[in-house]
**Q** 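The structure follows.
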Amino acid sequence: MISCSEAVRQLWEYLDGLVGDRELESIEAHLARCRRCCGELEFARELRGTLERASEVDVPDAVLRRLTQTLEDLEP
Amino acid sequence: MISGSGCNNRASPIRLKDVTQVGVLYTEAEQAERFRLLAREQLPRLYGIARKLVGSDAEDAVQDCLLKAFRNLGQLNDESAAPAWLASILVNCCRDRGRTKGRRPEEVNFEDVEEFSLYRKIAYEDPFPYSDSLHLDFLEEFTAEDVRSVLMRLSELYRVPLVLVYMEGFLVREVAEILEAPTGTILARLHRGRKLFEKHMWSYATDHGLLKEAAR
Ligand SMILES: [Zn+2]
């Protein structure tokens with residue numbers, strides 16, 4: 001069985017579906033037996049969600065106006 | 001390919017879906033107008049990406065991108081590829097801005113970073129002694145603006161792949177194309193970037209007193 005630190009190192013890749021079949025098997029075998037790493041996994045998922053939620057950015061009206069003006073001013 | 005002639009429907013308004021190629025059968029003025037339509041639609045998204053990559057330089061970076069894209073309009077063969085094409089130009093404009101400002105990648109001891117686990121750090125430091133969900137409580141202290149500030153603490157090398165993959169939903173393969181780097185390189189930067197992000201989440205929380213406020 002792989003160690004906790006080996007499992008933890010690959011958790012994000014695991015969540016992203018970026019690990020190979022063999023790694024997948026060893027991580028899941030580890031998670032089935034290790035509560036702390038399950039906690040780590042759950043947290044990695046939440047952290048990813050935190051990043052995703054911070055992605056929404058409002059464009060200030062003035063910025064949008066200036067950028068639109070830039071487009072209007074383009075001359076072939 | 002374009003079917004029929006571009007001149008048949010002169011009277012009808014320009015509709016992007018009608019024609020799949022820019023730069024063919026159009027006068028320069030028509031091309032410019034089509035570009036304006038394409039780009040205007042993308043402005044909020046472009047600004048959002050730039051905001052996360054270069055913070056307060058976002059507007060300038062989008063300006064750079066619009067001018068550069070317009071100059072290179074001939075590269076765009078398929079209008080449906082316009083959003084990805086504009087994003088790719090923008091990312092590179094953002095990187096240029098970062099470089100000319102002389103921002104250097106921070107010195108990082110990667111062995112420390114590799115070993116760092118925010119999950120364990122929170123459990124060990126126990127900033128919310130009366131909570132039974134301290135990990136979630138920790139994350140809830142961060143506003144979207146805080147999270148973006150944490151990202152700005154990372155060097156561009158790691159920030160760009162993190163933002164593109166986890167916030168903008170690009171595939172690793174697409175990021176590799178945009179940055180003209182092998183997929184393996186992008187994967188390695190994502191791996192380190194995530195660890196750095198965890199580390200900076202903690203240091204940002206302590207620097208800004210997020211944990212003290214919460215414990216009160
Ligand atoms: Zn474990």
Side-chain angles (χ1 to χ4, degrees), chain A residues 2-24 26-27 30-31 34-76, chain B residues 27-33 35-40 43-52 58-59 62-63 66-67 70-71 73 114-115 117-120 122-123 135-136 138-140 142-148 150-151 162-163 165-169 172 187 190-191 194-195 197-198 201:
Chain A
I2 56 171
S3 67
C4 286
S5 64
E6 271 175 276
V8 166
R9 206 177 306 137
Q10 301 175 78
L11 283 183
W12 280 70
E13 279 91 346
Y14 172 72
L15 283 177
D16 294 342
L18 292 173
V19 294
D21 287 347
R22 196 187 301 163
E23 286 88 352
L24 187 82
S26 61
I27 293 168
H30 185 99
L31 289 170
C34 180
R35 266 183 72 179
R36 193 180 70 168
C37 284
C38 288
E40 291 256 17
L41 179 70
E42 198 40 51
F43 182 65
R45 201 176 272 142
E46 292 294 337
L47 198 53
R48 228 169 48 149
T50 300
L51 264 177
E52 246 171 62
R53 283 190 294 277
S55 114
E56 203 66 41
V57 172
D58 287 327
V59 193
D61 288 341
V63 172
L64 199 56
R65 261 200 310 276
R66 285 194 293 270
L67 291 172
T68 306
Q69 192 58 50
T70 300
L71 285 174
E72 295 302 325
D73 294 343
L74 291 173
E75 298 263 355
Chain B
T27 66
E28 283 189 329
E30 285 170 331
Q31 281 180 44
E33 191 48 33
F35 176 73
R36 284 189 196 102
L37 278 172
L38 287 168
R40 204 176 299 143
L43 285 180
R45 175 166 166 268
L46 294 173
Y47 180 80
I49 296 174
R51 184 82 206 169
K52 282 164 261 167
E59 183 179 348
V62 178
Q63 296 270 7
L66 296 177
L67 299 176
F70 186 63
R71 273 201 311 274
L73 195 52
E114 190 65 36
E115 291 301 309
S117 156
L118 182 55
Y119 178 81
R120 271 173 284 163
I122 295 168
H135 289 91
L136 293 184
F138 176 86
L139 293 181
E140 273 168 17
F142 288 80
T143 64
E145 197 57 53
D146 287 326
V147 174
R148 294 196 289 267
V150 171
L151 283 166
L162 274 189
V163 167
V165 171
Y166 292 111
M167 299 174 104
E168 297 297 329
V172 173
L187 284 171
L190 274 176
H191 182 84
R194 288 187 296 251
K195 283 286 168 195
F197 176 67
E198 289 192 19
M201 283 287 277

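A, B, ... follow the sequence lines: proteins, then strands. Residue 1 opens every chain.
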**Q** Is B:Leu136 in contact with chain A via its backbone, its side chain, both, or neither, using a 4.5 Å heavy-atom distance?
**A**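 It is the side chain, since no backbone atom gets that close.
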**Q** Measuring heavy-atom distances to chain A, does B:Ala32 have an atom under 4.5 Å in its side chain, in its backbone, in both, or in neither?
**A**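 Side chain only.
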**Q** Please determine whether the number of non-hydrogen atoms from other residues, nucleotides or ligands lying under 6.0 Å from atom CD of A:Glu6 exceeds 12.
**A**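 Yes - once you tally the heavy atoms of other residues, nucleotides and ligands closer than 6.0 Å, there are more than 12.
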**Q** Identify which of B:Arg120, B:Glu198, B:Arg51, B:Glu115 forms the greatest number of heavy-atom pairs closer than 4.5 Å to chain A.
**A**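 Looking at each of B:Arg120, B:Glu198, B:Arg51, B:Glu115 in turn, B:Arg120 comes out on top.
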**Q** Name the region of B:Leu151, side chain, backbone, both or neither, that has any atom closer than 4.5 Å to a heavy atom of chain A.
**A**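 B:Leu151 touches chain A through side-chain heavy atoms alone.
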**Q** With a 4.5 Å limit on heavy-atom distance, are the side chains of A:Arg48 and B:Arg194 in contact?
**A**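 Sidechains of B:Arg194 and A:Arg48: no contact.
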**Q** Give, as side chain, backbone, both or neither, the part of B:Ile122 having an atom under 4.5 angstrom from any heavy atom of chain A.
**A**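 Only the side chain of B:Ile122 comes within 4.5 Å of chain A.
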**Q** Does any backbone or side-chain atom of A:Glu56 lie under 4.5 Å from a heavy atom of chain B? Answer side chain, backbone, both or neither.
**A**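 Backbone only.
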**Q** Within a 6.0 Å radius of atom CG on A:Asp73, are there more than 12 heavy atoms belonging to other residues, nucleotides or ligands?
**A**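 More than 12 heavy atoms, drawn from other residues, nucleotides or ligands, come within 6.0 Å of this atom.
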**Q** B:Arg40 versus chain A, heavy atoms under 4.5 Å apart: side chain, backbone, both or neither?
**A**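 Its backbone and side chain both get close to chain A.
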**Q** May I have the step-by-step check of side-chain contact (heavy atoms from CB on, under 4.5 Å) for A:Leu71 and B:Phe70, ending in yes or no?
**A** CA-CA 9 Å; A:Leu71 285 174; B:Phe70 186 63; over 6 Å; no
**Q** Measure the shortest side-chain to side-chain distance between A:Leu74 and B:Leu67 over non-hydrogen atoms and say whether it is less than 4.5 angstrom.
**A**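 Yes, close enough: below the 4.5 Å cut-off.
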**Q** Shorter than 4.5 Å, heavy atoms on both sides: which option in A:Val8, A:Leu18, A:Asp16 has the most such pairs with chain B?
**A**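 The candidate making the most pairs under 4.5 Å is A:Asp16.
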**Q** Name the option with the most non-hydrogen atom pairs under 4.5 Å to chain B; the candidates are A:Glu46, A:Glu75, A:Glu13.
**A**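 Of the options given, most contacts go to A:Glu13.
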**Q** Chain B: which of A:Leu51, A:Val63, A:Val59 shares the most heavy-atom pairs with it under 4.5 Å?
**A**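 Heavy-atom pairs under 4.5 Å are most numerous for A:Leu51.
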**Q** Check whether B:Arg36 gets within reach of chain A through its side chain, its backbone, both or neither, counting any heavy atom under 4.5 Å.
**A**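 Looking at B:Arg36, backbone and side chain both touch chain A.
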**Q** Side chain, backbone, both or neither: which part of B:Tyr166 has an atom under 4.5 Å from a heavy atom of chain A?
**A**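 For B:Tyr166, the contact with chain A is made by backbone and side chain together.
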**Q** Do B:Phe197 and A:Trp12 have their ring centres less than 6.0 Å from each other?
**A**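 For B:Phe197 and A:Trp12, the ring centres are not under 6.0 Å apart.
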**Q** Does any backbone or side-chain atom of B:Glu145 lie under 4.5 Å from a heavy atom of chain A? Answer side chain, backbone, both or neither.
**A**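 Interface part for B:Glu145: neither.
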**Q** Counting heavy-atom pairs under 4.5 Å with chain A, which one of B:Thr143, B:Leu118, B:Ile49 comes out on top?
**A**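 Of the options given, most contacts go to B:Leu118.
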**Q** Under 3.5 Å, side chain of A:Arg9 to main-chain N/O of B:Glu114, donor-acceptor pair present?
**A**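 Judged by distance alone, no pair lies under 3.5 Å.
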**Q** Quick one: which of A:Glu72, A:Glu52, A:Arg53 has the most heavy-atom pairs under 4.5 Å with chain B, could you say?
**A**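 Highest number of heavy-atom pairs under 4.5 Å: A:Glu72.
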**Q** Identify which part of A:Asp58 has an atom lying under 4.5 Å from any heavy atom of chain B, answering side chain, backbone, both or neither.
**A**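 The backbone, not the side chain.
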**Q** Measure A:Glu42 against the heavy atoms of chain B and call it side chain, backbone, both or neither at under 4.5 Å.
**A**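 For A:Glu42, neither part sits under 4.5 Å from chain B.
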**Q** Against B:Glu59, only a single residue in A:Thr70, A:Leu64, A:Leu67 fulfils side-chain contact (heavy atoms from CB on, under 4.5 Å); can you say which?
**A**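 Among A:Thr70, A:Leu64, A:Leu67, the one that satisfies the side-chain contact (heavy atoms from CB on, under 4.5 Å) with B:Glu59 is A:Leu67.
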**Q** Compare all side-chain heavy atoms of A:Phe43 with those of B:Ser117 and state whether any distance is below 4.5 angstrom.
**A**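 They are not in side-chain contact.
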